Structure formats: C-alpha cells, structure tokens
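These notes are about the structure you will find just below.
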Amino acid sequence: MIHTQNLLLLFWSSRAGRPCRPARDRKGSILLLAAVLSVVILALLAFSIDLGYMMAVQGEMERAVDAAALAGAGELVHGVETANLTALDVLLRNPIGSQVLLETQNREALLQAWLAEHQENFETEAGHWDPDTRAFTVTDTLPSALHVSGSYHHPGLFFARIFGINAFDVKADAVARYQPRDIALVLDFSGSMNDDSELRRIHEFGEGSRAAVEANLRQIYEDLGEPVIGNMQFEPVYISSTNKNTIKNQLGIKNIPYPYPSGSWDDYIDYVKSSTNYPAKAGYQKKYGFLTLINYWLERKPRHSETPDLWKVAAQPVTAVKDAVGVFMDY
C-alpha cells in the first residue's frame, strides 16, 4: 500500500512539473480552419440555393408542358395542326423561371415565328395512348392523344456563377388524351321501322308517294341480290285466276320451296288476292312479283327469325336512323 501511494505521488509530480504550451500559439490554426470551413459552407449554400432554384424551374417546365398537352389534346377534333398550335400557345403562356416566353400581342404570328426559330425546343406528336401498356403510338388516323415535349435553356443562376456554371437546361414531356364518353344508343328495330317502304304509304299519303315507295322496294330487291325464284320478275304481273296451283304454275314456283323460315307461297298468294290488304289499296291486287312479295315480307314477316335477309336492305325509316347514327359516330 505504501509503495502504491509513492508511485502515484511520483506520477502526479511528473505531470505537474511538465511545462504547458501557451494558448496564443493555437490561435492561428483555428483561424485557418474557420477560413477553410467558410469556403465549404459558402459552396454548400450556393449549391443548395441554385439546386432548389433549378428544381423549381424544372417544376414550372413540367407544369407548362402538362398544360400544353391537355390543351392540345382537347383541340385534336379540329385537326392536328390546330392542336399543335394550341399546345405551343399554352406552353408559352405559362411562366418558366418567372418569365413568360411570349407576349400576348399578335400571338398567332409570334407563335409561327417562335416555332420556326426554336424547332429543336418544341415537338408534338399525335396518336393514341394505351393506359394499360402505357405506350404511345403515333398515327394520323383519328388521333386521340397528344405527346408534347419541350426544352428551355435558362440563363439565370446565382452563386454557382462563382464556379463557372452560368446556365442550365430543363426538359419535360407529357401525354394527354381526351377521354371518350360512354354513349348508350337505343335503336328501334320493331316492325314499324320499315313502314315507309311499304305500299301502305301510297294508300295513306296518296299518289305523290308512289314513286318513292316503289323505288325503295326496288332498292330492297337489289339489296337482296336480285334473287331468282321461278320466273317471277320484280314488276308484278296480273293473274286473274284464284286457283293457287294455277298461280304457282304461272309464276314457276310450284315445285320451289318457300325461301324463308316463316311464311308460305299460299299465304303470299292469299295476301295479294285479298281486296282488303294494302297491295289492293295501292292498286296491286292479284299482281304477283317481287314488288308485292317484298311488301309481304316487310309487312307480315319482318322479324329476323321470319325473314333473316331483311337486315341487309335499305328499309325506311330505319335506314335513315342508321345513316344518322353513322354521321353522329363519325363526328
């Protein structure tokens, strides 16, 4: 125990007797370190400020391109050229880096001039966008989407100029499409939708409608491929006999099966012989031919299950409805 205390005392005496370096000898190193760190801090400050500004300008560029794509896609219905100019106009209306790229006066002329001078900074493509595969396909056939890409050389930086960086480039692209509307269109295909093609219209509207009705019946005959059945002609022939076999023999249909699932030659003959049916009221009683046969199909057997080929013909007014739907869908 005595020896340990002596050793500790000896150690303490040796530490206490060592001369200390004056504090003023260390002031230069701290000053040098502070100067070096100041440069580093200034560099980091310049980097953070300029980087933040660059990110802000990039965001403005993306916003402007997004707006341009949306505006251009909405104008595709008026043509690709109109959509392109609209996209460019909206792009240049949006401020990028706190400045608008084009003034508001004489915009159409200025747009053309700007586009001619900066073709490498603006590009549009019309086509289709597939949201499932996220793929854009360029096409000139009824495009429904617009791809817009733009770039901008921005000259303004702050502290980075110290390091020789005076400007930066920003680029962005976007695709916008107009969303098709879901339209439910209900068409009436009931039997009344072929009434304007029937001989009843001559009875109801008078002789002034005869030419149109008869011409429509001939059109239906042609739409069916001008069928050949026995020796029947389109223009009906008058047969005075009331005997069905005699009538069938004269028409050459006695041994020819009736061509459709519903109806019969006997029923057709009874229809034309009657004095109360519409063929008689239109002046076609006892007149047999494709004109009265087609009228029989339209009036008595219009369903697809009865006369399947009628969907091919230009019966009225359903054909006018179909044509109107075609015009509507094309638009």
Side-chain angles (χ1 to χ4, degrees), residues 183-206 208-239 244 247-248 250-330:
I183 300 174
L185 188 64
V186 180
L187 301 182
D188 179 8
F189 282 100
S190 63
S192 64
M193 290 301 285
N194 61 28
D195 285 356
D196 289 350
S197 298
E198 297 174 13
L199 295 174
R200 71 171 68 198
R201 288 297 182 245
I202 300 176
H203 169 71
E204 294 172 355
F205 297 154
S209 62
R210 179 177 294 275
V213 172
E214 292 179 349
N216 191 198
L217 287 170
R218 177 172 286 277
Q219 177 64 50
I220 292 173
Y221 172 67
E222 294 173 358
D223 292 340
L224 291 172
E226 300 185 5
V228 177
I229 302 177
N231 54 23
M232 291 179 62
Q233 303 297 317
F234 174 77
E235 295 295 339
V237 295
Y238 178 78
I239 300 176
K244 293 179 182 178
I247 296 172
K248 291 179 185 178
Q250 291 192 37
L251 296 176
I253 59 175
K254 183 176 181 179
N255 297 319
I256 296 177
Y258 180 80
Y260 292 115
S262 181
S264 66
W265 291 127
D266 289 346
D267 190 39
Y268 162 65
I269 292 171
D270 287 338
Y271 171 75
V272 178
K273 283 195 307 180
S274 171
S275 61
T276 59
N277 290 331
Y278 285 111
K281 295 177 181 179
Y284 286 98
Q285 185 180 11
K286 296 185 178 181
K287 292 184 178 181
Y288 303 92
F290 277 104
L291 186 147
T292 53
L293 179 60
I294 291 172
N295 195 83
Y296 165 73
W297 291 336
L298 293 176
E299 182 182 345
R300 295 290 180 87
K301 306 295 179 181
R303 296 182 179 181
H304 184 269
S305 60
E306 297 170 329
T307 311
D309 288 337
L310 286 184
W311 70 269
K312 304 175 182 178
V313 305
Q316 297 292 356
V318 68
T319 298
V321 175
K322 291 179 180 179
D323 292 343
V325 171
V327 172
F328 172 70
M329 295 309 297
D330 288 343

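Bear in mind that the values here come from a model prediction, so they are computed numbers and not experimental data. Values below: all heavy atoms of this structure, side chains included; hydrogens, waters and symmetry mates excluded.
- For the ring-ring contact (aromatic ring centres under 6.0 Å, His included) condition, no pair includes a residue of residues 306-327, sequence neighbours left out.
- Not counting sequence neighbours, Phe205 has no partner by the ring-ring contact (aromatic ring centres under 6.0 Å, His included) test.
- Sorted by first and then second residue, the salt bridge (charged side-chain N to carboxylate O under 4.0 Å, His left out) pairs with a member in residues 296-306 form an empty list; sequence neighbours excluded.
- A distance of 6.5 Å separates CG in Leu291 from CD in Glu235, rounded to the nearest 0.5 Å.
- For the side chain to side chain donor-acceptor pair (under 3.5 Å) test, no residue two or more places apart in sequence or in another chain qualifies with Asp323.
- Taking CG of Leu298 as the reference point, atom OH of Tyr278 lies at 14.0 Å (rounded to 0.5 Å).
- Between the side chain of Ser197 and the backbone N or O of Gln316, at least one donor-acceptor pair lies under 3.5 Å.
- Ser209 places a side-chain N or O within 3.5 Å of a backbone atom of Arg201 that can act as its donor or acceptor partner.
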Next item on the list: Please lay out, stage by stage, how Val313 and Trp297 fare under the test side chain to side chain contact (heavy atoms under 4.5 Å, CB included).
Entry: CA-CA 12 Å; Val313 305; Trp297 291 336; over 6 Å; no

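- Partner of Lys248 under the side chain to side chain contact (heavy atoms under 4.5 Å, CB included) criterion, chosen from Ile256, Asn255, Ile239, Asp266: Asp266.
- Take Phe290 and apply the ring-ring contact (aromatic ring centres under 6.0 Å, His included) test, not counting sequence neighbours, and it matches Tyr221.
- When every heavy atom of Met232 is checked against every heavy atom of Ile253, the shortest pair comes out as SD-CG2, 4.0 Å.
- Asp195 meets the salt bridge (Lys or Arg N to Asp or Glu O under 4.0 Å) test with Arg200; sequence neighbours excluded.
- Contact record, Pro257 with Trp265: C-NE1, 3.7 Å, taken as the closest heavy-atom pair.
- The pair Lys312-Asp223 fails the salt-bridge criterion, with no side-chain N (NZ, NE, NH1 or NH2) lying under 4.0 Å from an Asp/Glu carboxylate O.
- Ser192 and Pro317 make their closest contact through O-CD, 4.0 Å (heavy atoms, listed as atom of the first residue, atom of the second, distance).
- Going from atom CD of Gln233 over to atom CG of Leu251 covers 10.5 Å, rounded to the nearest 0.5 Å.
- With sequence neighbours excluded, the residues that form a side chain to side chain donor-acceptor pair (under 3.5 Å) with Ser274 are Thr276.
- For the side chain to side chain donor-acceptor pair (under 3.5 Å) with Tyr271, the qualifying choice from Asn277, Thr292, Asn295 is Asn295, the only one to do so.
- Asn216 places no side-chain N or O within donor-acceptor distance of the main-chain N or O of Ala315, the cut-off being under 3.5 Å.
- A search for salt bridge (Lys or Arg N to Asp or Glu O under 4.0 Å) contacts involving Asp267 returns nothing, not counting sequence neighbours.
- Listed by chain and number, the residues in a salt bridge (Lys or Arg N to Asp or Glu O under 4.0 Å) with Lys244 are Asp270 (sequence neighbours excluded).
- With sequence neighbours left out, the side chain to side chain donor-acceptor pair (under 3.5 Å) criterion links Asn194 to no other residue.
- Residues meeting the side chain to side chain donor-acceptor pair (under 3.5 Å) test with Glu222, sequence neighbours left out: none.
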Which side-chain N or O atoms in residues 281-288 pair as donor and acceptor under 3.5 Å with protein atoms at least two apart or in another chain?
residue, atom, partner, partner atom, Å
Tyr284, OH, Glu214, OE2, 2.2
Gln285, NE2, Lys273, O, 2.9
Lys287, NZ, Gly283, O, 3.4

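- Summarising the geometry, atom CZ belonging to Phe234 is positioned 10.0 Å from atom CD belonging to Glu226; distances are rounded to the nearest 0.5 Å.
- Under the 30°/60° scheme for interplanar angles, the aromatic rings of Tyr296 and Tyr258 are found to stand perpendicular.
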